[in-house]
Each structure stands twice: as structure tokens, then as C-alpha cells.
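A short write-up of the structure that comes next.
FYI, the numbering just counts along the sequence from 1.
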Amino acid sequence: MDIRRFRGKNSRAAMAQVREALGPEAVILSSRRSADGVELVAARELDEQHIEALGGAEPRVAADPARELTMQRLQDELVELRSVLEQQLRGRSWKDSAGVPPVRAAVGQRLARLGLSRGISGSLLDAVPPRGGLDAQWRIAMQVLADRIRTARPPAIEPGEALACVGVTGVGKSTTVAKLAGLSALRHGRDSVALVTADAYRIGADEQLATFARLLGIPHVSATTREALDEALAGFRDRRVFIDTAGMGQRDRRLLDQCEMLGGRIAPVTLCLVLSAAAQAAQTKEVVLAFGRQQLAGAIITKMDEATSLGGVLEALVRTELPALLTCDGQRVPDDIEPAKAGELVRVAMALTDARSRRSTLPGAVAS
């Protein structure tokens with residue numbers, strides 16, 4: 001028996017070599033993929049001794065080389081198709097994808113990775129015309145999202161008026177208040193600005209703001225009751241007053257009691273909600289809903305530099321229509337604070353999502 005080994009860059013090339021060397025009656029003993037393509041072992045004829053050496057397996061006769069080639073190509077295409085489907089449908093159910101055009105399904109999957117809920121994602125998809133490719137529809141979806149994020153200029157605080165930052169624990173209220181006071185001092189002079197601590201719960205809260213006041217060269221007092229706050233506002237009637245408040249859990253009733261205490265004072269007090277971009281999406285939504293009944297001027301988004309996703313913040317802004325006023329991306333006082341721009345928020349959200357996707361493809365990465 002004439003047994004030979006043939007190598008080709010694909011099945012077609014290898015089979016052509018078999019037919020040319022051994023003729024149409026050649027027998028294919030084995031086939032496998034190799035580093036260079038495909039390797040075939042073929043023989044001109046096969047006796048029982050070689051059949052037993054192969055473990056009793058019946059060899060495939062290359063009487064129809066075209067059929068062998070077609071089957072190999074079909075197998076290769078099925079493997080590739082399975083890989084594509086697994087990648088596209090990972091994390092999705094067949095129910096989710098049923099009846100949805102592939103491009104729109106891919107846009108919906110990107111919106112989910114952005115951190116948006118199914119409800120918000122669906123409303124964005126409904127606003128995107130069903131034409132064009134994936135990139136075109138994605139750009140339109142992101143523009144629609146930016147259009148739905150309200151922004152506003154930070155409130156202009158005049159002498160005899162106050163601005164208070166409210167929010168839950170750990171969102172960076174004290175640093176934000178110091179930044180606002182510092183910017184006001186640079187713009188209007190240190191003699192026109194004052195700081196007030198209204199936090200009676202957090203240990204060291206008064207000392208932290210007092211340190212900021214010393215660095216900025218402006219006066220500071222602590223006022224944790226209605227009477228003390230009225231007295232502080234009266235004493236600073238010729239200044240722009242910035243108030244730091246207590247931070248508690250979003251379900252703590254004292255959080256809303258404190259907001260009510262800030263209302264009806266002898267000087268008007270503007271309330272700004274401080275939201276952490278690094279917070280969990282569910283917590284952010286709950287915080288905004290908890291303060292929803294209050295007369296909020298808008299939101300200040302902090303810790304942009306620590307966030308891995310902006311989905312929760314963007315979802316909260318869209319659902320409540322609360323305008324974004326400022327963004328903070330660092331701890332420097334009075335720096336690292338900028339006016340909020342809807343397009344920039346969306347751009348950062350996309351960049352964070354892309355960064356997570358790249359990290360998830362690294363060797364040893366754990367899917368998030």
C-alpha cells in the first residue's frame with residue numbers, strides 16, 4: 001500500500017494534492033488541522049492490516065472529492081457561526097432577541113453595557129430611525145440620550161443668599177462646598193464668602209470644613225439647629241454663604257428633615273443634590289427619588305475620576321429630569337470642577353464602557 005501525507009493551506013488544496021498523487025480512488029485515512037492549514041493522510045489502497053492499525057474504523061473513500069471538500073467547508077463555517085452567535089448573544093435570552101432586527105439588537109446590547117435599564121434603553125431605541133448600520137444607529141442613540149439629559153448653569157448666589165449641598169454619606173459634599181466657596185472667593189473676593197457646617201452627626205465634619213475655610217481665608221461657623229442657622233445667616237448677611245450638610249443613608253428620615261430645616265430661613269437657601277458617579281446605579285436612583293419632593297436646583301456629579309460606569313447617574317438624570325449643574329473629577333480645591341455638559345457626560349460614559357470591555361478581554365480577567 002502506498003501511504004502518503006499531504007499538507008495544504010486548506011482542505012481544497014490538500015485534496016487536490018491527493019487526487020494528483022494517488023488518483024480518484026485514493027483512500028483518506030485521517031485528516032486534522034495543522035499550524036500551516038490542513039494535513040491529510042491518504043493511501044492508494046488499504047488492506048485489513050492497516051484497518052486494524054486504525055482501530056477498526058472504516059476509512060473514507062475519496063471517490064467524491066467535491067463532497068469531502070463541501071463537508072469540510074460546512075464544518076468550518078458552522079464553527080465560525082457558533083463563535084459569532086455566542087459572542088453576540090452572551091448575557092441575552094432568546095426571548096429578548098426574538099423579532100428584533102440584528103442591528104437594533106446590537107444597539108440595545110450596547111445600551112445595556114452602558115448601564116442603562118431596559119426601560120430607558122427601549123425608549124432610546126424607539127427614537128432611533130430603523131435604518132443605517134450599527135455605528136450610525138449607535139451615534140443617533142447617543143445623541144438622543146444627550147438630548148434627554150438636562151443641564152443648567154449653577155445658581156448665582158448673591159450676598160445675603162446661601163447654597164447648601166445635600167446628599168447621602170460619602171459623596172463628597174464637604175469638598176464640593178469648599179470648591180464652590182473657593183470659586184466664589186476668586187470671583188468676588190474673600191470678603192464676600194462664608195462657610196457654614198450644618199452637620200451634627202459626622203465626627204470631624206466641623207473640623208474638615210474649618211480647615212478648608214482657613215486655607216481659603218474665609219470665615220466659618222457651625223450651625224446645627226434652625227436657630228443657629230438663622231443666626232449664622234444673619235451674621236453673614238453681606239456674604240455669599242455655602243452650607244455643608246450631614247450625610248446619611250438615603251432611607252434615613254433625618255436626611256429629609258435636614259432639608260426641611262434649610263427651608264424657610266431668614267435668607268433664601270438654594271439646595272443642590274450631590275451625586276457620586278462612583279455609586280451603584282440602584283443607590284443613585286433611590287437617592288434621587290428620596291429627594292424628589294424637595295425643591296432642588298439641580299445635581300452636582302462628583303468622583304468622575306473614580307467611576308467605572310455612569311449608567312446609574314445618567315439614568316437618574318433622565319428619569320427625574322433633574323438638571324446637571326457641575327461635574328467634579330478630583331479633590332483639588334477649588335479646582336477639578338466644571339460646568340456639566342450633556343455631550344461630555346455621554347462621551348465619558350462611552351469611554352468607561354469601552355475601557356471595561358477591553359479589561360474583560362485581558363487574560364485572566366473576571367467578567368463584571
Side-chain angles (χ1 to χ4, degrees), residues 1-113 125 130-139 353-368:
M1 169 177 278
D2 185 11
I3 301 176
R4 303 187 191 179
R5 191 181 306 272
F6 301 88
R7 293 185 177 87
K9 64 180 180 179
N10 52 40
S11 297
R12 182 192 298 271
M15 288 294 295
Q17 294 179 44
V18 172
R19 289 196 301 272
E20 182 179 356
L22 302 179
E25 299 300 322
V27 176
I28 305 299
L29 301 182
S30 68
S31 65
R32 69 180 183 88
R33 290 188 177 277
S34 66
D36 300 326
V38 176
E39 179 185 282
L40 301 180
V41 176
R44 189 182 302 273
E45 60 183 36
L46 190 68
D47 55 26
E48 293 184 0
Q49 180 180 358
H50 285 89
I51 292 178
E52 292 176 359
L54 291 171
E58 290 292 335
R60 292 177 292 152
V61 179
D64 188 357
R67 183 174 181 275
E68 288 282 345
L69 178 61
T70 300
M71 294 300 294
Q72 184 64 45
R73 291 175 61 186
L74 283 174
Q75 183 178 2
D76 293 343
E77 290 175 3
L78 285 173
V79 170
E80 293 178 5
L81 179 60
R82 177 179 178 180
S83 176
V84 171
L85 287 174
E86 287 178 346
Q87 181 178 2
Q88 292 294 328
L89 299 179
R90 188 176 292 114
R92 295 175 57 85
S93 67
W94 287 105
K95 182 179 179 181
D96 291 336
S97 301
V100 180
V103 172
R104 294 180 72 78
V107 174
Q109 191 174 13
R110 286 189 179 185
L111 291 170
R113 289 200 299 268
L125 280 173
R131 57 178 179 271
L134 173 58
D135 290 339
Q137 292 199 23
W138 177 245
R139 284 194 297 269
T353 301
D354 291 342
R356 288 202 315 275
S357 298
R358 288 194 297 270
R359 288 196 299 271
S360 68
T361 60
L362 295 175
V366 179
S368 57

Do Arg104 side-chain atoms and Leu125 backbone N/O form a donor-acceptor pair below 3.5 Å?
yes

Considering non-hydrogen atoms only, spot the tightest contact between Ala42 and Val18 and give its length.
CB-CG1, 3.9 Å

Between Met15 and Leu40, the two heavy atoms sitting closest are SD-CD1, 3.6 Å

Which atom pair, heavy atoms only, marks the closest approach of Arg4 to Ala21?
NH1-CB, 3.6 Å

If you compare all heavy atoms of Ala106 against all heavy atoms of Leu134, which two are closest, and at what distance to 0.1 Å?
CB-CD1, 3.7 Å

Identify, with sequence neighbours excluded, every residue that meets salt bridge (charged side-chain N to carboxylate O under 4.0 Å, His left out) alongside Arg5.
Glu39

Going by heavy atoms in the side chains, are Val38 and Phe6 under 4.5 Å from each other?
no

